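Just so it is clear, the structure is predicted and the values come from calculations on it, not from any experiment.
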Amino acid sequence: MELPELTVRLPDWLQTQLRGPVPVLETAEAQVRFAIELSRQNVIHGTGGPFGAAIFDEDGTLVAPGVNMVVSRGCSILHGEMVALAMAQQRVGRHDLSDGGQHRYRLAVSAEPCAMCMGALPWSGIRELVYAALDEDVRAIGFDEGDKPAAWPQALERRGIRVTGGVLREEAVAVLNQYLATGGRLY
């Protein structure tokens, strides 16, 4: 049996966008706005679900973006967070972005992580998670986010990951509703 090679390629529109100067966004709010714009463009271009994510270093320099490509690429793990984490880890050349605590990376996301993505965070090397839409917003349009412990933010905080949610929530919810209105596939 010959298995295919696993290759993840960002959508063409995002590849084109990345040809310019590398974005430097110093505030968490600006970084979340960037992730929301990724989610909006993903909906507009029809390349995946309404979710965007980005990894930034301590100076606010974009390390890697990610968008949801579950349906478009036929792979359940291609959530925006997972794509951004994988791209960032490949870019810096290590599975632990922090390199044993020597570096601080922030993950900015358009929506609260689902159960799978939340589970990946402690091993990723990020030291901060900032997200926009809440779990209840994502579920309200029909997505299944999986079961997470009620105190998941505190669990991440105990592992050294600062968590802030609801940043620019209304902007992110507008993208979720746009996706639903355009007949986007829910899963």
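- A continuous path of Ile, Leu, Val, Met, Phe, Trp and Tyr side chains, each step under 4.5 Å between heavy atoms, connects Val163 with Leu134, placing both in one hydrophobic cluster.
- By the rule that hydrophobic residues join a cluster once side-chain heavy atoms approach within less than 4.5 Å of another member, Val109 and Val8 end up as members of separate clusters.
- Around atom CD of Glu157, more than 12 heavy atoms belonging to other residues, nucleotides or ligands sit under 6.0 Å away.
- When every heavy atom of Glu81 is checked against every heavy atom of Ala111, the shortest pair comes out as OE2-O, 4.0 Å.
- Closest approach of Ala35 and Ala108 over heavy atoms only: CB-O, 3.6 Å.
- Shown here is Gln154, whose CD atom has more than 12 heavy atoms of other residues, nucleotides or ligands within 6.0 Å.
- Looking at heavy atoms from C-beta onward, Met1 lies in side-chain contact with Leu3 at the 4.5 angstrom threshold.
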Show, in sequence, the C-alpha distance, side-chain angles and deciding distance for Leu85 and Leu121, and conclude whether the side chain to side chain contact (heavy atoms under 4.5 Å, CB included) test is met. CA-CA 9 Å; Leu85 289 170; Leu121 298 182; 4.0 Å; yes
Quiz: residues 51-70 side-chain donor-acceptor pairs under 3.5 angstrom, not counting sequence neighbours:
| unit_1 | atom_1 | unit_2 | atom_2 | d |
| --- | --- | --- | --- | --- |
| Asp57 | OD1 | Asp59 | N | 2.9 |
| Asp57 | OD1 | Gly60 | N | 3.1 |
| Asp57 | OD1 | Thr61 | N | 3.0 |
| Glu58 | OE1 | Arg104 | N | 3.4 |
| Asn68 | OD1 | Gly49 | N | 3.1 |
| Asn68 | OD1 | Val70 | N | 3.3 |
| Asn68 | OD1 | Tyr187 | OH | 3.1 |
| Asn68 | ND2 | Tyr187 | OH | 2.8 |

Could you give me the CA-CA distance, side-chain angles and deciding distance for Arg9 and Asp12, then say whether side chain to side chain contact (heavy atoms under 4.5 Å, CB included) is met? CA-CA 8 Å; Arg9 179 173 160 66; Asp12 290 341; 3.1 Å; yes
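- In this structure, Ser72 contributes its side chain and Thr47 its backbone to a donor-acceptor pair below 3.5 Å.
- Looking at Arg159, its side chain never comes within 3.5 Å of a backbone N or O of Ile161 through a donor-acceptor pair.
- When every heavy atom of Phe143 is checked against every heavy atom of Leu186, the shortest pair comes out as CE1-CD2, 3.3 Å.
- For His45, the NE2 atom counts as densely surrounded, since its 6.0 Å shell holds more than 12 non-hydrogen atoms of other residues, nucleotides or ligands.
- Transitive grouping of hydrophobic side chains (ILVMFWY, heavy atoms separated by less than 4.5 Å) brings Val167 and Leu176 into a common cluster.
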When you look at Ser39 and Asn42, which way does the side chain to side chain contact (heavy atoms under 4.5 Å, CB included) test go after all the steps? CA-CA 5 Å; Ser39 70; Asn42 211 33; 5.5 Å; no
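- No more than 12 heavy-atom neighbours from other residues, nucleotides or ligands sit within 6.0 angstrom of CZ on Arg185.
- Within a 6.0 Å radius of CZ in Arg73, other residues, nucleotides and ligands contribute more than 12 heavy atoms.
- Applying the side chain to side chain donor-acceptor pair (under 3.5 Å) criterion to Gln89, with sequence neighbours excluded, gives no partner residue.
- Judged as a side chain to side chain donor-acceptor pair (under 3.5 Å), the pairs with a partner in residues 121-144 (not counting sequence neighbours) are, in order, Ser98-Arg127, Arg106-Glu128, Asp135-Arg139, Glu136-Arg169, Asp137-Arg169.
- Minimum heavy-atom separation, Val175 to Arg40: CG2-NH1, 3.3 Å.
- Hydrophobic clustering of Ile, Leu, Val, Met, Phe, Trp and Tyr side chains at less than 4.5 Å, counting indirect connections, unites Leu168 with Val130.
- Both Leu180 and Val138 are members of a single hydrophobic cluster when ILVMFWY side chains are connected at heavy-atom separations under 4.5 Å.
- For Ile77 against Met116, the heavy-atom pair with the smallest separation is CA-CE, 3.8 Å.
- At least one donor-acceptor pair closer than 3.5 Å links the side chain of Gln102 to the backbone N or O of Asp99.
- No side-chain heavy atom of Leu129 sits under 4.5 Å from any side-chain heavy atom of Thr164.
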Intermediate values then yes/no, salt bridge (Lys or Arg N to Asp or Glu O under 4.0 Å), Glu37 and Arg33: CA-CA 6 Å; Glu37 186 55 29; Arg33 184 167 278 120; over 6 Å; no
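- Nearest heavy-atom pair across Lys148 and Ala115 is CG-CA, 3.7 Å.
- Looking at Leu156 and Pro153, their side chains never come closer than 4.5 Å, going by heavy atoms from C-beta outward.
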